Number of protein chains: 2
Amino acid sequence: MNEVINLLKNHRSIRKFTSETLDEGTIRTLVEAAQSASTSSYVQSYTIIGVTDPAKKKALREVSTQPYVEDNGHLFVFVSDYNRHKGLSEEKGTPISFDTTESLIVGIVDASLAAQNLAVAAESMDLGICYIGSLRNDMQRVIDILELPEGTFPLFGMVAGYPDQEGSVKERLPFETVYHENTYDGLEKTKEAIEAYDQSIQDYYKARTNGKRDETWSDQVVNMLNKKQRHDVHDVLKKQGYLGQ
Amino acid sequence: MNEVINLLKNHRSIRKFTSETLDEGTIRTLVEAAQSASTSSYVQSYTIIGVTDPAKKKALREVSTQPYVEDNGHLFVFVSDYNRHKGLSEEKGTPISFDTTESLIVGIVDASLAAQNLAVAAESMDLGICYIGSLRNDMQRVIDILELPEGTFPLFGMVAGYPDQEGSVKERLPFETVYHENTYDGLEKTKEAIEAYDQSIQDYYKARTNGKRDETWSDQVVNMLNKKQRHDVHDVLKKQGYLGQ
């Protein structure tokens, strides 16, 4: 296993950072690494907003409810972005559309590939990161805080900084449950492996909480998906010009 | 700049591979690196299908129209997947839903972060990769070929293999157009930088085609987004149980 694979497999979320801030050169290096990821048809349909204004960080923390959104660590917000293309299309007099589900997919994929490159780059520099999906708790509020125009929406945030905690690697689903050959393997084929995994995760939670948390992976994700969350996302996306049809 | 950042910034798509195939150990290493990426609330809502059956590869090439889908190189298809969670929920008698736009976003983001880790891991092993968004040319056909059940859909493919071409790094948008601070900068603020970029891309295309391709980046993306593509994606997603509301 080479050093890069080691780095990837050693990923853990870091939610507590020292007071040392990222300097401009580091931010530029991280963003340029992000931009080097593949992009669908060269469209580069995302923008990254670095949030340094304390009032904005406080407001975003209120949306997320996670303290590390406001605390130390550089806060990046990844934005799906066709506003730039729309402006250029108006200059050229060539209309464009991005209101299909296909365009939504492209915007999300482009931003996500860039974000993961930024995460890997950060960890290669001994920084820690944590994704912040909870900015979608109130997407409209994030749009207002960051003044995001038509054609854009905030996908997720990421904090990056100098770690002030160890974090721990969380075991993933067994290889054979996630990698199938030629056709999709239904649950019955991978059931045993998932049961073993459930046991392992249950043991992990028990050990970390002195027995208080007694939950398998299946329990955790089924309970989470049982609660419908973030119903407003669809309407906010429509308001921003997505999903018109 | 460290070696990992160098690797990321040196990314180029590779579309031609030698006949050397990826061995099982390599595939496992790549998939495990993919799985190490962050996942929203631990949901791990994706499956990766390795396609080795020549008939299936031929059929997928017909969907994509890209020869490298069928040729040498290992073909991975990244699938957004809540089928696993649905099966587990039925066993537990706890209903779940994944028909919100929020769940669609989570499935796409989870699969994309994993895919980009796989891409980085592959390149660290001197393999080349190319994403294949064109599998979305006919999503229903891909679903049929790979026998994808309710709760799943094919997001994109990726070929990975031993490079039989150099490829070339394609210049990205200037840093200041993509990275904004605290609020979104409209096109007027980044116009000059985009104009310089347009010139640079036009020069690049001209040089590579002996002057035949005379297109800026803005031209290319505006013309691409002028054509509405893949209208069927929305209905296929609904059929698979997504976007019900």
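Quantities reported herein were computed from a predicted structural model and do not represent experimental measurements. In the text below, chain A, chain B and the rest are named by the order of the sequence lines, each starting its count at 1. Quick note: numbers below take in every heavy atom, side chains included, and nothing from hydrogens, waters or symmetry partners.
- Top candidate by heavy-atom pairs under 4.5 Å with chain A, chosen from B/Val109, B/Thr29, B/Leu7, is B/Val109.
- Per-residue counts of heavy-atom pairs under 4.5 Å with chain B were compared for A/His11, A/Met1, A/Lys92, A/Lys86; the largest is that of A/Lys92.
- For B/Lys170 and B/Tyr204, the positive end is not near the middle of the six-membered ring at less than 6.0 Å and at most 45° from its axis.
- In this structure, a donor-acceptor pair under 3.5 Å is present between the side chains of A/Asn117 and B/Gln116.
- Residues A/Phe76 and A/Leu118 form a side-chain contact, since some pair of their non-hydrogen atoms from C-beta on lies under 4.5 Å apart.
- Contact of B/Thr39 with chain A is made through backbone and side chain together, with heavy-atom distances under 4.5 Å.
- With chain A as partner, the option from B/Gln229, B/Glu188, B/Lys191 having the largest number of non-hydrogen pairs under 4.5 angstrom is B/Lys191.
- Within the model, atoms CG of A/Leu237 and CE of A/Met139 stand 5.0 Å from one another, a figure rounded to the nearest 0.5 Å.
- Between the side chains of B/Asp198 and B/Ser218, a donor-acceptor pair is found at a separation under 3.5 Å.
- Among the candidates B/Asp232, B/Leu88, B/Leu30, the residue making the largest number of heavy-atom pairs closer than 4.5 Å to chain A is B/Leu88.
- At a threshold of 4.5 Å between non-hydrogen side-chain atoms, the residues A/Pro54 and A/Lys56 do not count as touching.
- Chain B forms more heavy-atom pairs under 4.5 Å with one residue of A/Glu3, A/Lys57, A/Arg12, A/Glu91 than with any other, namely A/Glu91.
- Among A/Val79, A/Ile27, A/Asn10, the residue making the largest number of heavy-atom pairs under 4.5 Å with chain B is A/Ile27.
- Across B/Gly87, B/Ala111, B/Gly25, B/Ser97, the residue that shares the most heavy-atom pairs under 4.5 angstrom with chain A is B/Ser97.
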Acceptor/donor pairs from residues 142-151 of chain A side chains to any protein atom, 3.5 angstrom cut, sequence neighbours excluded:
{"residue": "A/Asp144", "atom": "OD1", "partner": "A/Gln140", "partner atom": "NE2", "Å": "3.0"}

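- Inspection of the B/Asn182 and A/Thr52 side chains reveals an N or O donor paired with an N or O acceptor under 3.5 Å.
- Of the atoms belonging to B/Tyr46, heavy atoms from both backbone and side chain fall under 4.5 Å from chain A.
- No part of B/Leu75 comes within reach of chain A, as not one of its non-hydrogen atoms sits under 4.5 angstrom from that chain.
- Between atom CG of residue B/Leu8 and atom CD of residue A/Gln35 there is a gap of 12.5 Å, rounded to the nearest 0.5 Å.
- Note: B/Ser103 OG to B/Ile108 CD1 = 11.0 Å, rounded to the nearest 0.5 Å.
- To the nearest 0.5 angstrom, B/Asn226 atom CG is 12.0 Å from B/Asp219 atom CG.
- Ranked by heavy-atom pairs under 4.5 Å with chain B, the first of A/Ser89, A/Ser38, A/Ala37 is A/Ser38.
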Going through the distances and angles, do A/Lys238 and A/Asp99 end up as a salt bridge (charged side-chain N to carboxylate O under 4.0 Å, His left out)? CA-CA 8 Å; A/Lys238 278 198 128 170; A/Asp99 62 351; over 6 Å; no
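- Of the two parts of B/Lys9, the backbone and the side chain both hold a non-hydrogen atom closer than 4.5 Å to a non-hydrogen atom of chain A.
- Within residues 122-130 of chain B, the residues approaching chain A closer than 4.5 Å by heavy atoms are, in numerical order, B/Ser124, B/Met125, B/Ile129.
- Between chain B and the options A/Val233, A/Val221, A/Ile48, A/Thr177, the largest number of non-hydrogen pairs under 4.5 Å is found for A/Ile48.
- Within the 4.5 angstrom heavy-atom criterion, only side-chain atoms of B/Asn2, from C-beta onward, approach chain A.
- Between B/Phe78 and B/Phe156, the angle of the ring planes lies from 30° to 60°, which puts this pair in the tilted group.
- From A/Leu173, atom CG reaches atom CZ of B/Arg84 across 5.5 Å, with rounding to the nearest 0.5 Å.
- In this structure, the portion of B/Tyr131 lying under 4.5 Å from any heavy atom of chain A is its side chain and not its backbone.
- For the set B/Val51, B/Ile49, B/Val4, the entry with the most heavy-atom pairs within less than 4.5 Å of chain A is B/Ile49.
- Ranked by heavy-atom pairs shorter than 4.5 Å toward chain B, the options A/Arg136, A/Gln220, A/His85 are led by A/Arg136.
- Heavy atoms of B/Thr216 lying under 4.5 Å from chain A belong exclusively to its side chain.
- Contact count versus chain A (heavy atoms, under 4.5 Å) is highest, among B/Leu155, B/Val43, B/Leu104, for B/Val43.
- For B/Asp81, the part lying near chain A is the side chain, with the backbone staying farther off; criterion is any non-hydrogen pair under 4.5 Å.
- Within the model, atoms OH of B/Tyr242 and CZ of B/Phe153 stand 5.5 Å from one another, a figure rounded to the nearest 0.5 Å.
- When side chains are defined from C-beta on, B/Pro154 does not count as touching B/Leu135, because their heavy atoms never get closer than 4.5 Å.
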